[in-house]
Every structure is written in structure tokens, then in C-alpha cells.
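Residue numbers start from 1 in every chain, and the chains themselves are labelled A, B, ... in the order their sequence lines are given, proteins ahead of strands.
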Protein chains: 2
Amino acid sequence: MYEENEKPAAVVKDLYQQKDKMYVATDCIIFGFDSGNLKLLIFKRRVAPLQGEWSLIGSFLKLEEDVSAAAKRVLEEITGLKDVYMEELKVYGAADRDPGYRCISVGQYALIRLNDYDRELVKEHGAEWHDVDKLPTLVLDHDLMVQDALEKLKQKARFKPIGIELLPEKFTIPQLQSVYEAIFQKELDARNFRKKVLSHDLLVKLEEKDKLGSKRGAFLYKFDHRRYDQLTRNGYDFGIW
Amino acid sequence: MYEENEKPAAVVKDLYQQKDKMYVATDCIIFGFDSGNLKLLIFKRRVAPLQGEWSLIGSFLKLEEDVSAAAKRVLEEITGLKDVYMEELKVYGAADRDPGYRCISVGQYALIRLNDYDRELVKEHGAEWHDVDKLPTLVLDHDLMVQDALEKLKQKARFKPIGIELLPEKFTIPQLQSVYEAIFQKELDARNFRKKVLSHDLLVKLEEKDKLGSKRGAFLYKFDHRRYDQLTRNGYDFGIW
DNA sequence: TACATTAATTTTTAATATCCAAAAAAAATG
DNA sequence: CATTTTTTTTGGATATTAAAAATTAATGTA
């Protein structure tokens with residue numbers, strides 16, 4: 001959870017018992033999507049305690065740093081990405097959640113486009129993408145964080161078009177459907193899905209086709225952010241979009 | 001925000017600049033409901049800084065205390081109530097949110113039955129109920145917290161029957177409608193409302209009538225918590241209940 | 001005892017979501 | 001180049017839910 005270079009000075013003195021001081025950390029639940037599966041970016045801790053165990057990627061909060069900025073910093077350090085969709089999940093504040101520190105952690109989840117990230121950086125940090133349904137056990141309460149994030153993702157996806165955050169700028173309807181099937185963990189009817197997502201006029205059909213995903217090829221679309229902003233300003237209400 | 005007796009020792013030394021240390025606090029957005037209006041419990045700070053200004057009720061987090069426990073503690077100290085509906089709202093973590101401290105605050109909102117609370121205690125603490133649409137300006141980012149809480153309440157009320165948390169155990173359908181109208185900030189159709197809330201078989205009709213609210217009198221109902229638990233365990237999904 | 005007020009039920013209508021199958025386009029195969 | 005295979009794409013009938021209107025019931029008050 002704590003990157004070596006971000007540990008508070010006190011940590012260096014006594015690694016295992018810093019219970020006399022309040023620490024604040026943030027942990028990132030970083031989702032990606034590839035070939036039908038939701039993926040999570042995790043890494044093997046390289047420092048004690050809990051060295052070698054799988055963990056979410058996080059950091060202590062710096063004194064002069066906004067909580068949301070801390071998550072963005074972590075994300076950029078690991079993936080090289082700025083301007084990522086990111087949202088607060090929940091505070092993990094049990095007094096005994098971390099045996100080493102009295103530390104509360106702000107869970108924040110992010111949605112990443114798997115084409116964009118910096119593969120070198122990720123490798124350097126020992127981070128890896130894992131299918132969310134084949135995750136190893138994570139340290140501390142990180143398993144719980146992941147469960148909570150998946151649940152929140154389901155809820156959120158019903159009313160906000162966050163699925164597009166996991167796809168490249170141009171995408172096909174079948175690809176989008178595949179994202180939602182992964183989030184909701186169930187199959188959707190292709191006809192109804194297409195009808196619904198197109199009904200809001202939020203997808204702009206392009207000339208090009210994507211020929212990689214299938215033989216026939218499907219038309220590419222892009223998301224009309226401008227129109228979306230207009231609609232939401234007027235309190236528009238989506239049901240699965 | 002900080003009750004006198006809960007200030008960390010350091011606060012006493014220099015009241016206005018404790019930026020070298022991370023503090024964690026919680027602030028409670030406490031809602032009640034009376035005669036058609038949502039109410040908020042706030043108080044006038046009796047200690048510097050910001051003495052005399054209106055504020056949410058909060059406290060610093062103790063070292064050995066869960067975050068959720070801190071909010072419960074605050075709530076009991078002020079209202080005498082335990083077992084109150086309470087949920088995390090959001091973390092307020094801007095580095096400059098508090099001019100005196102480097103302090104992040106966990107906003108937590110609570111729903112109170114206005115009959116139950118301890119009026120003496122509330123008065124002792126200088127706390128008062130105010131209509132949410134006639135609030136004075138609050139300290140720090142507390143205005144934002146209230147806005148966020150109202151928004152969250154709207155969202156939540158669409159899928160969870162939290163309206164009942166604001167009413168006594170026995171209540172009438174028109175009363176319940178009135179609660180939802182206050183939350184959603186719009187009028188609802190009485191016929192459709194009744195049909196919808198009764199459709200889930202979550203309200204148990206009683207023999208008695210409430211004669212205070214109208215001439216004819218309306219039947220009292222109570223909420224069937226057992227059935228609700230069953231339904232939600234099986235992943236039942238309400239749309240406005 | 002007529003009148004006003006609110007509660008409660010029933011019916012009708014409109015809107016929305018759900019269900020289902022067949023045709024068209026392109027590539028792969030022989 | 002005819003045939004098969006795969007995947008995209010499209011529409012209409014049906015069920016479900018929400019909105020609106022009209023009606024009846026109970027009670028207090030003028």
C-alpha cells in the first residue's frame with residue numbers, strides 16, 4: 001500500500017508499530033477492460049511489512065495535498081495517465097484495519113483505457129493486470145475495497161454512461177455491450193441494448209468500421225460529451241444511461 | 001466543528017496554525033422531518049476559531065476509534081440517540097479546507113425521528129433545528145456538505161425506503177408522501193404514490209387511524225423490517241422503493 | 001344537514017420496457 | 001465463384017408500469 005518513497009519519516013524508525021499517530025492514506029481500485037473481462041491493476045509489495053503480498057496501489061496523503069490529488073498522483077506514477085475517470089468509493093476507517101499503523105484509507109476507484117497506459121512504468125512498479133474474478137488475496141481490507149468498488153460500479157453504471165471510460169474513444173456497440181455485461185455480470189439482449197443506448201442520441205455514428213472484432217465489421221461510434229453535459233445540467237435521468 | 005473537550009492536546013498550544021500534522025475529523029449532517037419540511041441540526045460554535053458561527057456538529061477522530069463510531073458518538077452526545085440511521089457521505093479532503101488545521105473530514109449523514117431526541121441535551125449544546133431551505137451560512141465547507149447530503153438523500157431515496165427513518169414507527173401514507181416530497185423537492189401524485197409503496201407489501205396496515213392530520217383520518221402503517229431484509233438479501237430492486 | 005376536506009379505490013389511458021427472429025454484410029473455405 | 005460461417009443490424013407484438021381521471025367514503029365544521 002505504501003510506496004517506499006512516500007513513507008512518512010516516522011515509518012522508517014519503527015516499521016511495525018505507529019499507533020500513536022493518525023495517518024491518512026488512499027488506495028486506488030484501478031479497473032480496466034479487455035476481451036470481455038474487467039481487470040484490476042495490483043502489485044506485489046516490495047517492502048515490509050507484508051512484503052511480497054498482493055496489494056492495491058496506494059500512498060500516504062501528503063500534508064499539503066488534496067485527497068483527490070493523492071489518488072491522481074498515485075495513478076500517474078504507476079500508469080503515466082492523467083485525466084482519468086476517478087471517484088471516491090468509501091472511507092476505510094476501522095481502528096484495527098492496519099496492524100502497523102493507525103491509518104484510515106480513502107478508497108478511490110478509477111476506470112482506465114487499456115490502450116493508453118504506459119506499459120514500461122507499470123512493469124517498473126511490479127504492477128500487473130488481473131481478471132477481477134481471478135484475483136489473489138490482497139493485503140489488509142483491500143479485498144473488501146474491491147468488492148465494494150465492483151458493487152458501486154454496478155450501481156453507477158445504471159445511471160451514468162461510465163462504460164465508455166473503459167473503451168477507446170471510438171468503439172462499437174457490441175464492444176460497449178460487452179463492457180456492460182462485464183460490469184453487470186449478466187448477458188444483455190443485443191437488440192434492446194442497442195435500442196436503449198442509441199435512444200438518448202449520445203452516440204455519434206462514424207463512417208469507419210471496426211474490422212478487428214468480427215468478420216462483418218461493426219460501425220464505430222463516439223460519445224457526445226457536449227450533449228451529455230447539456231442533458232445532465234437539465235437534470236436528465238437515465239435508466240442504464 | 002470541534003467540541004471543546006475533544007480537541008487534540010496540540011490544539012490548545014496554538015489555536016490557529018496546526019498545519020504540520022494530519023488531523024481526521026467527522027462532521028454529521030443530521031436530518032429531521034417536521035410538518036412538511038426537512039430540518040437540519042446545527043449549532044453555534046462556542047469556541048474560537050470561528051466562534052459564534054453556525055456549524056455542523058462534528059468531532060476529531062480519536063486514535064483508537066472507528067470512523068463510523070466517531071459519528072455515532074457525536075450523535076449520541078448531542079441527541080441522546082443510539083441506533084440511528086447513518087451513512088457515509090463523502091470525504092472532504094482539500095488541503096486548504098480548514099485555515100487552522102490540516103484536517104480531512106468524513107461527512108456522515110443521519111436521519112432522526114424528531115419525536116425521539118433528547119431536547120435538553122440538544123439545548124445544552126446550543127444546537128437547533130433549521131429548515132434546510134432556510135439555513136444560515138455555515139463554517140468552512142459545511143454548506144457544501146449539506147448540499148451533497150441533500151443530493152445523496154435524493155439518490156438514495158429512489159432505491160431504499162429511507163423515508164421511514166424520518167417518521168415515527170407508526171405513520172400514514174400521506175405523511176410518508178410528504179417526506180418524499182420534501183426529499184425530492186417536488187409534488188407527487190397521491191394515487192400513484194399509494195399504489196407504489198403498497199405494492200411491495202412492506203407496509204403493514206394497522207387498525208388505528210391518525211386523526212390529527214385530517215378530518216377523515218388516515219390509517220396508520222408500520223414498516224415490515226423483516227420482510228424488507230428478506231427481499232434485499234435476495235437482491236430485490238426497488239424503483240422509488 | 002349540507003358542505004368542505006382529505007383518504008382511499010377503481011378504471012382508463014398513455015408511456016415504457018421487454019421479448020423475440022429474420023435479413024444483410026463480409027470473410028473464410030473448398 | 002458458390003457455399004458456409006460469423007456477426008451486425010433492424011422492427012413489431014406484447015407485457016409491464018406509470019399517469020390521469022373519475023368515484024366513493026369518512027369525518028368535522030358551518
_Just the rounded figure in Å: distance from C1' of C:dA7 to CG of B:Leu212._
15 Å
*Taking atom types as they are modelled, is there a donor-acceptor pair under 3.5 Å from the base of D:dA25 to the side chain of B:Arg216?*
yes
*Indicate the ring-plane relationship of A:Phe223 and A:His225, choosing parallel, tilted or perpendicular according to the 30° and 60° boundaries.*
perpendicular
*Do A:Glu151 and A:Gln147 have a side chain donor and acceptor closer than 3.5 Å?*
no
*asked:* Measure CG/B:Asp189 against P/C:dT10 and give the value in whole Å, please.
replied: 16 Å
*Identify which nucleotide among D:dA20, D:dG28, C:dA8 has an atom closest to any side-chain atom of B:Lys215, counting heavy atoms from C-beta outward.*
D:dG28
_Can you identify which nucleotide, out of C:dT9, C:dT18, D:dT10, has its nearest atom closest to the A:Arg191 side chain?_
D:dT10
*Round to a whole Å and report the spacing from CG of B:Leu188 to P of D:dA19.*
9 Å
*asked:* Looking only at side-chain N and O atoms, does A:Gln230 offer a donor or acceptor that is under 3.5 Å from a partner on A:Tyr228?
replied: no
*asked:* Nearest to the side chain of B:Lys196, heavy atoms from C-beta on, is which of D:dA19, D:dT7, C:dT18?
replied: D:dA19
*Is a donor-acceptor pair below 3.5 Å formed from side chain B:Arg194 to base C:dA7, judging by atom type as modelled?*
no
*Quick one: which of C:dA7, D:dT9, D:dT7 gets closest to the side chain of A:Phe219?*
D:dT9
_Phosphate-side-chain proximity, A:Lys195 and C:dT18, N/O vs OP1/OP2 below 4.0 Å_ = no
*asked:* Using whole Å, what does the distance between atom P of nucleotide C:dA7 and atom OH of B:Tyr221 come to?
replied: 12 Å
_B:Asp210 and B:Thr172 side chains, donor-acceptor separation under 3.5 Å_ = no
*Minimum-distance nucleotide (side-chain atoms of A:Ala218 versus D:dA19, D:dT9, C:dA7)*: D:dT9
*Ignoring the backbone of A:Lys211, work out which of C:dA26, D:dT9, D:dT27 is nearest its side chain.*
C:dA26
*asked:* Whole angstroms only, please: what is the CD-C1' distance between B:Gln177 and C:dT6?
replied: 12 Å
*Would you indicate which nucleotide in D:dA20, C:dA8, C:dA25 comes nearest to any side-chain atom of A:Lys209?*
C:dA25
*For residues A:Tyr109 and A:Asp148, is any side-chain donor paired with an opposing acceptor at under 3.5 Å?*
no
*Rounded to whole angstroms, how far apart are CG on B:Asp210 and P on C:dT5?*
19 Å
*Take atom CZ of B:Phe193 and atom C1' of C:dA8, then tell me their distance rounded to the nearest Å.*
14 Å
*Round to a whole Å and report the spacing from CG of B:Leu220 to C1' of C:dA8.*
15 Å
